[in-house]
Amino acid sequence: HVRSRRQRQMCIRDRFNVAGGVMARSISGLVGVNSGTLRVLNLENNFFDSASIGPLVGALGACTGLTALSLACNEIGSKAVGDVCNAMKECNGLESVNFSSVGICIEKGVRDLRGVTGFIGLLKRQRGLRKLFVDGNDFGVKGGAVFCEALWTLTGLDAVSFVGCEFAGFECVLLASLGAMSGLREVFLEDCGVESRDVNGLALTNVVKLDFECNTLASDGVGALARGLREAGGHGSLRTLSLGRNNIRGAAGGRAICDVLQACAGLRELNLGCNELGDSGVVGVAAGALGQANLARLDLEDNGLSENGAK
């Protein structure tokens, strides 16, 4: 610990089972002794839980100069998330926060939202937050409402990831808040329960990478997405779009994809894997791809194409 007092970056991930307590205290001590100089702290996937995270809470509270923090893949639970975030009241310089799969789970009827409100408080205190990753958490009805509304205030974000999150019907609020962020460049919404109605009016002006894989946009949702991109003028910036596993079917689906391609002149990668476009749908895809000089990768895996469709 004494030899490590000038550490500015610390990465202790994928290595330790801290559930027993001894290793948790050792890591906490190492963080604490370097708290004055630490700028980047990565503690991903170390088996911290609601009990073993205790010693680390105080150490994190002393890390006032952090610019990047990741506690991803440590199932510490909602209450401990709140404890960590509330302890970091003097930290306001974070640019990147990764709280993916930390065990936020607000079930229906549960009144204790301290974990979510504490987390929101931490995010709002940051002067220059740019990247936010909260994959694999279950915000539920109450947590979803609070969190999605709070996103409206985080206007400086340029990358967000909500892969596998549960927002219990507040997906449309989530997307509306993202649409208000003019600086967003990368958006990951894989397996978030997004339906066609949720993307109506969605305008993502400057997004470069957009991932909607494993949702249920269907043909109507893809058409609405195309209209939003066209109306927002976002067609020039989008480079990568993932629409795999979205129940995009047949000729109607092909026409919707054609609209997307025509709205996104700069698109380089398009993932349509595991839909049910079939031969009738791929006709529309081919029509939209004509003249797309920048399109370098088109994924049509598992779409039921025959030899005629392939041609």
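All values below were derived from every heavy atom in this structure, side-chain atoms included, with hydrogens, water molecules and symmetry-related copies excluded.
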Side-chain heavy-atom pair [X], [Y] within 4.5 angstrom cut-off:
X: Phe162; Y: Leu178; answer: yes
X: Asn215; Y: Cys192; answer: yes
X: Ile248; Y: Ile257; answer: yes
X: Val222; Y: Asn246; answer: no
X: Leu69; Y: Asn98; answer: no
X: Phe133; Y: Ser96; answer: yes
X: Leu217; Y: Asp198; answer: no
X: Leu123; Y: Leu129; answer: yes

So, [X] side chain and [Y] main chain: donor-acceptor pair closer than 3.5 Å or not?
X: Arg39; Y: Thr37; result: yes
X: Asp279; Y: Ser306; result: yes
X: Ser196; Y: Gly221; result: no
X: Gln126; Y: Gly93; result: yes
X: Asn137; Y: Ser100; result: no
X: Ser78; Y: Cys105; result: yes
X: Asn46; Y: Leu43; result: yes
X: Asn74; Y: Ile76; result: no
X: Asn303; Y: Leu277; result: yes
X: Asn42; Y: Glu44; result: yes

Let me check something: do [X] and [Y] share a hydrophobic cluster, defined by ILVMFWY side-chain heavy atoms less than 4.5 Å apart, either directly or through other members?
X: Leu272; Y: Leu295; value: yes
X: Leu202; Y: Val208; value: no
X: Leu243; Y: Leu305; value: yes
X: Leu30; Y: Met88; value: yes
X: Val207; Y: Phe188; value: no

### Query
Does CZ in Arg125 sit with more than 12 non-hydrogen atoms of other residues, nucleotides or ligands closer than 6.0 Å?
yes
### Message
Does Arg245 have more than 12 heavy atoms from other residues, nucleotides or ligands lying within 6.0 Å of its CZ?
### Response
no
### Task
Show the numbers, then the answer: is there a side-chain hydrogen bond (donor to acceptor under 3.5 Å, both in side chains) between Ser237 and Asn206?
CA-CA 6 Å; Ser237 61; Asn206 297 310; 5.0 Å; no
### Task
Go through Thr67 and Glu95 one step at a time and tell me if the side-chain hydrogen bond (donor to acceptor under 3.5 Å, both in side chains) criterion holds.
CA-CA 5 Å; Thr67 60; Glu95 298 173 6; 5.3 Å; no
Would you call [X]-[Y] a salt bridge at under 4.0 Å N-O?
X: Glu231; Y: Arg227; value: no
X: Arg249; Y: Glu276; value: yes
X: Asp259; Y: Arg255; value: no

### Task
Could you give me the CA-CA distance, side-chain angles and deciding distance for Thr216 and Asn247, then say whether side-chain hydrogen bond (donor to acceptor under 3.5 Å, both in side chains) is met?
CA-CA 6 Å; Thr216 53; Asn247 294 333; 5.5 Å; no
### Message
Between Phe167 and Phe147, does the side-chain contact (heavy atoms from CB on, under 4.5 Å) criterion hold? Intermediate values first, please.
### Response
CA-CA 9 Å; Phe167 292 104; Phe147 183 75; 3.8 Å; yes
### Message
If the test is side chain to side chain contact (heavy atoms under 4.5 Å, CB included), which one of Asn271, Leu267, Asp211 qualifies with Leu241?
### Response
Leu267
### Non-neighbouring partners of Asn92 that pass side-chain hydrogen bond (donor to acceptor under 3.5 Å, both in side chains), sequence neighbours left out
Arg127
### Message
Under the criterion side-chain contact (heavy atoms from CB on, under 4.5 Å), I'd like the reasoning laid out for Asp158 against Lys131: C-alpha separation, chi angles, the key distance, then a yes or no.
### Response
CA-CA 6 Å; Asp158 62 40; Lys131 302 184 186 303; 3.1 Å; yes
Might you point out which heavy atoms bring [X] and [Y] nearest each other, and give the distance in Å?
X: Gly118; Y: Cys85; result: O-CB, 3.2 Å
X: Gly266; Y: Arg239; result: O-CD, 3.2 Å
X: Gly223; Y: Ala256; result: N-CB, 3.9 Å

### Message
Show, in sequence, the C-alpha distance, side-chain angles and deciding distance for Cys63 and Leu66, and conclude whether the side-chain contact (heavy atoms from CB on, under 4.5 Å) test is met.
### Response
CA-CA 6 Å; Cys63 297; Leu66 283 177; 3.8 Å; yes
